[in-house]
Structure formats: structure tokens, C-alpha cells
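So the structure is just underneath, and the comments pick up after that.
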Amino acid sequence: MSSETWTDRPEGGGMFALWLIRTIARRAGRRVARLLLFPITAYFLVKRGPERRSSQDYLQRALGRKTNWWDGARHVHTFASTILDRVFLLGGPIDRFDVRVDGLDALHAALDQKRGVLLFGSHHGSFEVLRVLATRRPDYTIKIVLDKKQSPAMTQLLDALNPQLAANIIDASQDGPSIVMDIQHALSEGALVSLLVDRVRPGEPWLPAQFLGGTARFPTSPWLIASALKVPVALGFGLYRGGNHYDLSFELFSERIDIPRQARAEALSALIQRYATRLEHYVHQAPYNWFNFYDFWHDDEGHTFDDAAVQRRTAAARAGGDAGDRG
């Protein structure tokens, strides 16, 4: 097993690829641009071996059967389709898409309290389809927590297609206290602050949870931020259904997150496992929408999470160690 982490791999849909797709899409239209997804898919399958192997490992877990190249091709094609649609979801009229929305009333009710809402998403489906919210309720401010250093292509795309949305990015490459202060300021103004909470960066605190038949790591910092700020937390999933169809689903996860210091590890573990269970639910609904193309069930050195490793991490969190004090 290689010790290479997901942050070491080239960004999926990097700068040149996004520039090329954007240029063709805007000049020739979405229908013509979608024809290019087939050679792009083939190139990805041939040239990106680690991602291809991780894709098949994941698909076997999600589908519950042995997978083949066709499954991998469908997985990558779904990913490429959502990258193409970024051009139109971020910069064009949203009515070209058929977006079915579920759970919006509960989200609106939480936002109408004027306390702000933390919206936790994942690398499952399209987060860009959240722009539908801006069209349904233009009075809302949407802030996105995004690591500009890790995702330069996405940052440039936002700058080019939707400068207003780009101006509302909270840069996750800042130090922890600065990120929290920026999030707190946005929430105090009643904003919806969205962030992805399914990936662990190297050196970031985490706790284990059961996910798709194995033990995987999930970051603790988002939950500690939510506990500190005492605002509603919602989950959001934008599932690509093929063609121009998307399902956008929201769930109110909690009106308020409380993590007692004397039972920190247990409370964090319960929250993360509950989130992982909901994520698994949506993964089973749309298995080809999973866009974590790396080994999700091994650590940075390529080892599985045995019972001893899990117990050590939980003990560290219980003692207020590195799994519980960052963020």
C-alpha cells in the first residue's frame, strides 16, 4: 500500500480540464459538450490507476457484488457529468435543469430563525446544485467553506462564472481559529454556511465510524464547530440522476449540537456515526455519485483500522487529545 493520501493526487477536474470543458460548453452548448464525456471517461480509466482501483473497491461495497470495467466507467462518467454541469449550475440559468427538491421547508424554517444554519454536505453528488436555493430564496446569503489551495480549479471556476458566489467563499486553508471566526461572523448575519464533512486531511483529528461494511475515518472539527456555535445543523445531498435531472435533499440534523466535555468522545462518536449512517443511506440511493476516488477505508499508511487503532483514537478523544481539541 502506498502512503500517498488524497491530497497528494492531482485535483479531479483540474484547471486545464475545467477550462477546456467550460470553453466548449459555453461555445457549443451542453448537448455537444456531453459528447466529450466519453473520451474523458476513457482517459481517466486508463491514466488514473489509483482512482480506478479505489472506484472498484468502493463500488463492490456499495453495490454488494463483484464489479467490472463497465461499473467503473459509469462511475467516472457520472463524475465527469457533474463537472460539466458546474459550468451551467454556477453561471447559467438554472431552469435548464430538472431539480426535484425535498426537505426545503424544514431548511427554510431553520433559516427564518435568523441564527444561521450550518449545512453539512459530502463528496457525494453535486454540491453546486445548491445554487437552486439562491433562486428559490434570493434573500438568503450562502457561504461556502472551501480550501482554495487544495481546490484552485474550483476557485477559478467560481471566479469566472459566479463572482458573487466566489466572494462568499470562506477559505478553509486558513488556521483553525480564523476559519471559526469567519463562520461565526457569517452565521451571526443569518447565512447558510455549507461545508463538506466526509474527508479527513492529513494530520486532521478524526474518529472512526462504520460505513459501507467497514471502518472509515470522519473529521471531528465540523462537529466541534457546530457545538461551539450552537446553531441548527442540516444535511444536504445533490444527487445526479442522469441527463439534466437532479434530486436535492435536505434534512434537519439537529436544532443544536451539544458535546459535553466530560463525555466528549462518546458524544462525537455518536454524532459522526449518525452522520455516516445518513450518508450511507444516500450512497445506496445513488451509488455512482460517490466522488471520493481514494482508499476511504485505510489510513494514510495504507493500514486498515483494526480494533486497537480505533480504541487508541477513541481514548485520545476521551482524554481531550488531538482528536478532540483542534478546529
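We count residues from 1, following the sequence as given.
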To the nearest 0.5 Å, tell me how far Glu128 CD sits from Ile83 CD1.
9.0 Å
Determine whether a donor-acceptor pair (N or O, by modelled atom type, separation under 3.5 Å) exists between the side chain of Ser269 and the backbone of Glu266.
no
If hydrophobic clusters are built by linking Ile, Leu, Val, Met, Phe, Trp and Tyr wherever their side-chain heavy atoms come under 4.5 Å apart, do Met181 and Leu224 end up in the same one?
no
Using a 6.0 Å cut-off, check whether atom CH2 of Trp69 has over 12 heavy atoms from anything other than its own residue.
yes
Show me the side-chain donor-acceptor pairs of residues 103-112 shorter than 3.5 Å, one per line, residues at least two apart or across chains.
{"unit_1": "Asp112", "atom_1": "OD1", "unit_2": "Arg137", "atom_2": "NH2", "d": "3.2"}
{"unit_1": "Asp112", "atom_1": "OD1", "unit_2": "Tyr140", "atom_2": "OH", "d": "3.0"}

To check you understand the geometry: which heavy-atom pair defines the closest contact between Pro232 and Gly116, and what is its length?
CD-O, 3.4 Å
Determine, stepwise, if the pair Val193 / Leu119 fulfils side chain to side chain contact (heavy atoms under 4.5 Å, CB included).
CA-CA 6 Å; Val193 179; Leu119 181 67; over 6 Å; no
Looking at side-chain heavy atoms only, is the closest gap between Arg241 and Tyr246 below 4.5 Å?
no
4.5 Å side-chain heavy-atom contact, Phe293 and Tyr58
no
Within the structure provided, determine whether Val101 and Phe250 are in side-chain contact (heavy-atom separation under 4.5 Å).
yes
How long is the gap from CG on Leu239 to OG1 on Thr78, to the nearest 0.5 Å?
11.5 Å
Distance alone, cut at 3.5 Å: any donor-acceptor contact between the side chains of His75 and Ser55?
yes
Keeping Arg52 on the side-chain end and Leu45 on the backbone end, is there a donor-acceptor pair under 3.5 Å?
yes
Scanning both residues in full, the closest heavy-atom pair of Ala62 with Val283 reads CB-CG1, 4.2 Å
Same hydrophobic cluster for Leu192 and Ile94, using side-chain heavy-atom links shorter than 4.5 Å among ILVMFWY?
yes
Is the Phe296 to Phe218 ring centre distance short of 6.0 Å?
yes
From CA spacing to verdict: side chain to side chain contact (heavy atoms under 4.5 Å, CB included), Ile170, Leu146
CA-CA 6 Å; Ile170 296 174; Leu146 178 69; over 6 Å; no
Are Thr141 and Glu189 close enough that a side-chain donor and a side-chain acceptor fall under 3.5 Å?
no
Could you check Thr215 against Gln210 for side chain to side chain contact (heavy atoms under 4.5 Å, CB included), going step by step and ending with a plain yes or no?
CA-CA 5 Å; Thr215 303; Gln210 290 301 302; 2.7 Å; yes
Same cluster or not: Leu89 versus Val32, using hydrophobic residues (I, L, V, M, F, W, Y) connected whenever any side-chain heavy atoms lie under 4.5 Å apart?
no
Hey, what do you get for CG (Asp247) to CD (Gln285), rounding to the nearest 0.5 Å?
8.0 Å
Got a second to check how far Asn289's CG is from Ser81's OG, nearest 0.5 Å?
10.0 Å
Using modelled atom types only, decide if a donor and an acceptor are shared between the side chain of Gln56 and the backbone of Asn68 within a distance under 3.5 Å.
yes
Might you work through the side chain to side chain contact (heavy atoms under 4.5 Å, CB included) test for Tyr240 and Asp85, ending with a clear yes or no?
CA-CA 10 Å; Tyr240 176 63; Asp85 282 348; 3.9 Å; yes
Check the angle between the aromatic planes of Phe237 and His124 and answer parallel, tilted or perpendicular using the 30° and 60° thresholds.
perpendicular
Applying side chain to side chain donor-acceptor pair (under 3.5 Å), can you list everything that pairs with Arg65, at least two apart in sequence or on another chain?
Asp71
Tell me, do Asn292 and Asp198 make a side-chain contact under 4.5 Å, heavy atoms counted?
yes
To check you understand the geometry: which heavy-atom pair defines the closest contact between Ser178 and Asp175, and what is its length?
OG-OD1, 2.9 Å
Looking at Pro50, is its backbone amide N or carbonyl O close enough to the side chain of Ser54 to form a donor-acceptor pair, meaning the two atoms are under 3.5 Å apart?
yes
Which atom names give the shortest non-hydrogen contact between Ala267 and Ile259, and what distance separates them?
CB-CG2, 3.9 Å
Has the side chain of Glu251 got a donor or acceptor atom that lies under 3.5 Å from a matching backbone atom of Ala234?
no
With a 4.5 Å limit on heavy-atom distance, are the side chains of Trp290 and His123 in contact?
no
Quick check: closest heavy atoms across Leu212 and Glu280, and the distance to 0.1 Å?
N-OE1, 2.7 Å
Do Val76 and Phe291 come close enough that some side-chain heavy atom pair is under 4.5 Å?
no
Minimum side-chain heavy-atom gap Ile257-Ile225 below 4.5 Å
no
Can Arg61 be said to sit on top of Trp297's aromatic six-ring, NZ or CZ under 6.0 Å from centre and within 45° of the ring axis?
yes
Let me confirm one number: the CG-CG distance from Leu235 to Leu279, rounded to the nearest 0.5 Å.
9.0 Å
Would Leu248 and Leu252 show up in the same hydrophobic cluster when neighbours are defined by side-chain heavy atoms closer than 4.5 Å?
no
Search all heavy atoms of Gly121 against all heavy atoms of Phe127 and return the closest pair with its distance.
CA-CE1, 3.7 Å
Tell me, yes or no, whether the heavy-atom count around His185 atom NE2, taken from other residues, nucleotides or ligands under 6.0 Å, exceeds 12.
no
Does the distance from a Lys or Arg side-chain N to an Asp or Glu carboxylate O, for Glu204 and Arg201, drop under 4.0 Å?
no
Distance (rounded to the nearest 0.5 Å) between Leu268 CG and Leu207 CG
6.0 Å
Any residue meeting side chain to side chain donor-acceptor pair (under 3.5 Å) with Arg115, in chain and number order, not counting sequence neighbours
Gln113, Glu255
Using side-chain heavy atoms (C-beta onward) and a distance below 4.5 Å, is Leu271 in contact with Tyr275?
no
Using a strict cut-off of less than 4.0 Å between a Lys/Arg side-chain nitrogen and an Asp/Glu carboxylate oxygen, indicate whether Arg100 and Asp102 qualify as a salt bridge.
no
Are Arg274 and Phe253 in a cation-pi setup, meaning NZ or CZ lies under 6.0 angstrom from the ring centre and within 45 degrees of the ring axis?
yes
